[in-house]
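Okay, so here's the structure we're looking at.
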Amino acid sequence: MARAYDVQAVEKKWQHLWSDEHTYEVDADDPRPPKYVLCMYPYPSGPAHQGHVRNYTFGDLLVRHQTMKGNAVLSPFGFDSFGLPAENAAIRTGEHPRSFTDARIAELKESVIALGAVYDWRRELRSHDPSYIRFNQVIFLHLLEAGLAYRAKAPVNWCPGCQTVLANEQVLADGTCERSGDLVTRRDLEQWFFRITAYADELLESLDDLEWPERVKTMQRNWIGRSEGVEFDLKVVGTTGGRDDSAGSGAPVLRVFTTRPDTGFGVTYAVVAPEHPLVDLLTTPAHRKAVDELRARAALASEIERTSSEGAGLAKRGAFTGSYARNPFSGEDVPIYVADYVLMGYGTGAIMAVPAEDERDFAFAQEHGLPIIRTTDPPDGFEGGAWTGGGVKINSGFLDGLDVVDAKDRAMEWIEAEGIGVRKVNYRLRDWLVSRQRYWGCPIPVVYCQSCGIVPVPEDQLPVLAPDDVEFLPGGESPLARHTGFRNTTCPKCAEPAVRDCDTMDTFVDSSWYFLRFCDPWNDRQPFDPAVARHFMPVDQYIGGIEHAILHLLYARFFTKALIDVGLAEGLGREPFRRLFTQGMIRMDGTKMSKSKGNLVAPAKYLDTVGADALRLFHLFVGPPADDVDWSSQTDEVIEGCGHFLDRVWRLTVEVSGLSRPEAPDGKAEPALDHGLSGRPNEALPIWSYDQPAARDVDLLRETHRMVDKVTRDLERWSFNTAVAACMAFANTLQRYLRDSERTGPGGGNGPSGGGERAHRPTYDQAADALLLVLAPMTPHLAAEAWEHRHGAGARVHAQPWPTADPELVRVQTTTLVIQVNGKVRDRIEVDPSITEAGAVELALASPKVMAVLGSAKPSRVVARPPRLVNVVG
RNA sequence: GCCCGGAUGGCGGAAUCGGUAGACGCGGGGGCCUCAAAAGCCCUUGCCCUUCGGGGCGUGCGGGUUCGAGUCCCGCUCCGGGCACCA
């Protein structure tokens, strides 16, 4: 398509200038107020996709807007460059993950620059840089020393075919390995954990103060899953295991956790998880076979299978142990079952089962023919199974007649008074398992010594780097474990032979503190200088995808708190991201646009044709930033429409002013115009006047200020689509203004002559400049180029202060008073905005249209809301 | 199953505090310019009826509150997302 200016040349020119002029490089001693705007650093998977474009368009808009408002905006960029795709590519093609990753980074970086997004590239960081690895390891050691990192056995997804551990996403829905197809089993391995649960309460409570989307906060609250209840003991009675323990040091007890102690009288059985340590003891010889089968099945099944739709809602799998427990409330002995719907990892791994008030217990009780005793009176007409709501207690001894809430309290008091249990808070949140049996990640800086045990690698020997000469074989162990040169080492303490930890860290570790490193990326003594980080932190605006709503954002919050507590981030605020914005997804045919779905529409196609500004404008204009974008058959046309708008701005701000070259002299020059407005190119039109502004010039000035006011307010409330609409509407205003000048002006030709209202040059210049100023953060290349044409070589629109609207000019002179009769609009009258209620009513009743509708009827009531509306009620 | 979102013209969307529904754009129709096309410019465009003055209907569905509801309340339908045996 023919364009009004050379889009590609202009965009390249400015991308180089912004870099060469260091416009967006910011240091901690900058006198301007600091702001920190950050887009989530990307995994480098190749050239930017539309999701990136959207993300960086929003971020760049903020950076440029905040800069024009006089702030020193920290805008860094980096790459989350460790991760599985590079390693999988290595297994497939033999290319080393580093060269593979570096190539992808180069592609992504190039396309981000081609977008016109500006960053302080001096601060660029990559997780796989040795300097970043080093401080990742330093942090790990600090957490270890503080007891926040620890080693424990944990069940993992184990593929017997590949002889390796799999991440959850590598296990298919049917419980098989995505690569070998083998059935994945669960296996206990020694793994490293971060003690995030120590911060569960703080992570939960401080959510309240964050300016984050409520949706994300809710997701985090649910993930943390705090629940208050009570833990207490059930005495085990009757036969226990093959051995009879009743002669020993007292009967064994089964400790259970419940949030519903008020339902104690309804306990008709108890359940332990298949992995519960007491299972052997509890199982009598007659039931051993069934119990063992169940346990074997549970051990085989991955967590995914065990908790998938196979189990949920269907018959509960379980087996009777042969043992009984005494319900302390009722004194009844109830059977103890083993069932896989009880998880060892939560609470005590054992429950008291109340089928009448718990849906899972109800399903199990039905399946196994166990009794059901209601302890809460369900509402009339309730026909379901378990009633989990509130109500009055029944069949509950000393709790009878109480409300559920009061009964809970009373029951807990009773349990504590009896000395059989205590109040307890449980969390769904588990500690963070960070070990990955992978090559392309940050090595865990620990050595295992026969005599000294776990020995941290001394800080002066960091970073521990993975060797390059490893073999990437399909279906083998981690390349590091097979590399004897890496694996075998000497103990830093006793110098005896020792082995390294051959695992690497979860890549979420890298992304949990990169925003801190960005503040002080040149520091070679510590991860970052807390004093420098304090200057920029917290991040004022964090922008990213909703897919990181839970893990990344929770881990980063945890890290910030932990780094402060281990002394690496003294004096920092305990929350890293003050405001968070999560953008919508790009969808196509109803599904997420992604590489794996093969439905990508590459941004490069648009950069090479309509240009970066038009593509950016599209992403701003298409809808609210938080909403998903449907990439439809019409999208290309809309993007072209954005290009047409930019052409129009070019004509309205450059060509119509007779300023088609940067060297053009001052604004009073009036060369022959190729203004492109009349369809008669090269026809000279002396349309300018420099007289006193006429009424319609004042109107244009008012419109200008209203536009600036509207755009400013819209940008601040993240309503970018309406900000763009306001710019477009203003371009229409300029167009109309010029057209009217043309018609009425002496040289206009096709209108009545003699009006003499030529375009008032000073007023028009203000209007055109204002449009370019507000477009500067949205379509930076066009705004910069047009500004330079208007103001001379070296003029920089992005160095201008953000325009401010004069409230006096923004205020409307007249407003439309709507007159309704019985709620239906019957008339509209232009009135002064300061009209009184009486005045408005008088005008309304005098309206011929109102009188016609009303006829002779007398209005029973008149509601007046001046100056907007009068409603005459008949 | 539970918890969040959402539903407005042919399409994307606007309506910021309960007060003119449909801003802005895409698409469509008509016109100007042109040898022609592209581009540009001008007019028009929710639906139905119309004697061309205007009238009626209209924000997923059914109720309600109100002088007045896209907006608030109750009950549904459909679509999207998150969590999913967490006791």
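Every chain is numbered from 1 and lettered A, B, ... according to where its sequence line falls, protein lines coming before strand lines.
- Candidate nucleotides U16(B), C83(B), A87(B) were compared by shortest atom distance to the side chain of Val342(A), and A87(B) ranks first.
- The phosphate of A84(B) (OP1 or OP2) has a side-chain N or O of Arg428(A) nearer than 4.0 angstrom.
- Comparing the C1' positions of G28(B) and G64(B) gives a spacing of 40 Å, expressed to the nearest Å.
- Nucleotide A21(B) is matched to nothing when pairs are restricted to Watson-Crick or G-U wobble geometry with both distances under 3.5 angstrom.
- Note on Ser227(A): only backbone sugar-phosphate atoms sit closer than 4.0 angstrom, heavy atoms only; bases stay farther off.
- Annotation: G70(B) and C61(B) have their P atoms spaced 12 Å apart (nearest Å).
- As rounded to whole Å, 19 Å separates atom P of C4(B) from atom CH2 of Trp223(A).
- Side-chain contact check for Glu547(A) and His552(A): no donor-acceptor pair (N or O, by modelled atom type) lies under 3.5 Å.
- Using a 3.5 Å distance cut-off with no hydrogens or angles, the side chains of Asp832(A) and Ser834(A) do pair a donor with an acceptor.
- Between Phe581(A) and Phe58(A), the angle of the ring planes goes over 60°, which puts this pair in the perpendicular group of the 30/60° scheme.
- Taking atom C1' on both nucleotides, A23(B) is separated from A15(B) by 8 Å, rounded to a whole Å.
- Mapped onto RNA chain B by nearest heavy atom, Lys824(A) and Ser632(A) fall at different nucleotides, with Ser632(A) at the one closer to the 5' end.
- Within 4.0 Å of Arg868(A), counting heavy atoms only, lie sugar-phosphate atoms of the nucleic acid but no base atom.
- Across every strand in view, C2(B) sits in a pair with G82(B) that passes the Watson-Crick or G-U test at under 3.5 angstrom.
- In this structure, Asp628(A) atom CG and G80(B) atom P are separated by 12 Å, rounded to whole Å.
- Atom CD in Glu547(A) sits about 12 Å away from atom P in C83(B), given to the nearest Å.
- Taking a pair to require two hydrogen-bonding distances under 3.5 Å in either a Watson-Crick or a G-U wobble arrangement, G53(B) remains unpaired.
- If you check G58(B) for Watson-Crick or wobble pairing at under 3.5 angstrom, you find it has no partner at all.
- In terms of position on RNA chain B, the residue among Gly349(A) and Val825(A) whose nearest nucleotide sits closer to the 5' end is Val825(A).
- Nucleotide C17(B) carries a syn base; the chi torsion (O4'-C1'-N9-C4 or O4'-C1'-N1-C2) is within 90° of 0.
- Dashed line: the shortest gap from a side-chain N or O of Arg861(A) to OP1 or OP2 of C67(B) is under 4.0 Å.
- The residue Thr259(A) sits close only to the backbone: its heavy atoms come under 4.0 Å of sugar-phosphate atoms, none of a base.
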Item to check | Candidate pair Ser227(A) and Val425(A), rule side-chain contact (heavy atoms from CB on, under 4.5 Å), full reasoning | outcome: CA-CA 6 Å; Ser227(A) 60; Val425(A) 175; over 6 Å; no
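- Rounded to a whole angstrom, the distance from the P atom of G75(B) to that of G5(B) is 15 Å.
- Separation of the C1' atoms belonging to U59(B) and U20(B) is 15 Å when rounded to the nearest angstrom.
- Within the structure, every side-chain polar atom (N or O) of Gln820(A) is placed at least 4.0 Å from both OP1 and OP2 of U20(B).
- Residue Arg226(A) places its CZ atom among more than 12 non-hydrogen atoms of other residues, nucleotides or ligands, all under 6.0 Å distant.
- Of the candidates C85(B), C4(B), U20(B), the closest approach to any side-chain atom of Val818(A) belongs to U20(B).
- The six-membered or imidazole ring of Tyr555(A) lies away from that of Trp223(A), with a centre-to-centre distance of 6.0 Å or more.
- Here, U45(B) and C24(B) have their C1' atoms 15 Å apart, quoted to the whole Å.
- The CD atom of Glu359(A) sits 10 Å away from the P atom of G1(B) (whole-angstrom rounding).
- Looking only at atom types and distance, the side chain of Glu357(A) has a donor-acceptor partner in the side chain of Thr375(A) under 3.5 Å away.
- For G55(B), one of the phosphate oxygens OP1 or OP2 lies less than 4.0 angstrom from a side-chain nitrogen or oxygen of Arg826(A).
- Summarising the base pairing, G9(B) is matched to no nucleotide, lacking a Watson-Crick or G-U wobble pair whose two defining distances lie under 3.5 Å.
- For the 3.5 Å distance criterion, the side chains of Gln735(A) and Arg648(A) qualify, holding a donor opposite an acceptor.
- For G80(B), the base is anti relative to its sugar; the glycosidic angle deviates from 0 by more than 90°.
- A donor-acceptor contact under 3.5 angstrom links the side chains of Asp431(A) and Thr197(A), judged on distance only.
- With a glycosidic angle more than 90° from 0, G22(B) adopts the anti conformation.
- When the P atom of G40(B) is taken as reference, atom OH of Tyr5(A) falls 13 Å away, rounded to whole Å.
- Rounded to whole angstrom, the span from the CG atom of Asp627(A) across to the C1' atom of A7(B) amounts to 12 Å.
- You'll find that the side chain of Val873(A) is closest to C67(B), out of C67(B), U20(B), G12(B).
- Comparing the C1' positions of U71(B) and G55(B) gives an interatomic distance of 27 Å, to the nearest angstrom.
- Here the two rings, on Phe720(A) and Phe621(A), have centers that are 6.0 Å apart or farther.
- Under 3.5 Å, the side chains of Glu830(A) and Thr814(A) contain a donor-acceptor pair of N or O atoms.
- Other residues, nucleotides and ligands contribute at most 12 non-hydrogen atoms within 6.0 Å of the CZ atom of Arg215(A).
- A donor-acceptor pair shorter than 3.5 Å cannot be found between the side chains of Tyr5(A) and Asp647(A).
- Annotation: U44(B) and C26(B) have their C1' atoms spaced 16 Å apart (nearest Å).
- Searching all strands for a Watson-Crick or G-U wobble partner of C32(B) with both distances below 3.5 Å returns G40(B).
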Next on the checklist: Can you build the contact string for nucleotides 22-32 of chain B? Use B for base contact, S for sugar-phosphate-only contact, and - for no protein heavy atom under 4.0 Å.
Outcome noted: -BBSBS-----
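- Whole-Å rounding puts the Arg865(A) CZ to C17(B) C1' distance at 12 Å.
- The CG atom of Leu734(A) sits 13 Å away from the P atom of C41(B) (whole-angstrom rounding).
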I'd like a list of close polar pairs between nucleotides 47-54 of chain B and the protein, N/O only, cut-off under 3.5 Å.
none

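- Residue Ile550(A) has its side chain nearest to C83(B) when only A87(B), C83(B), C43(B) are considered.
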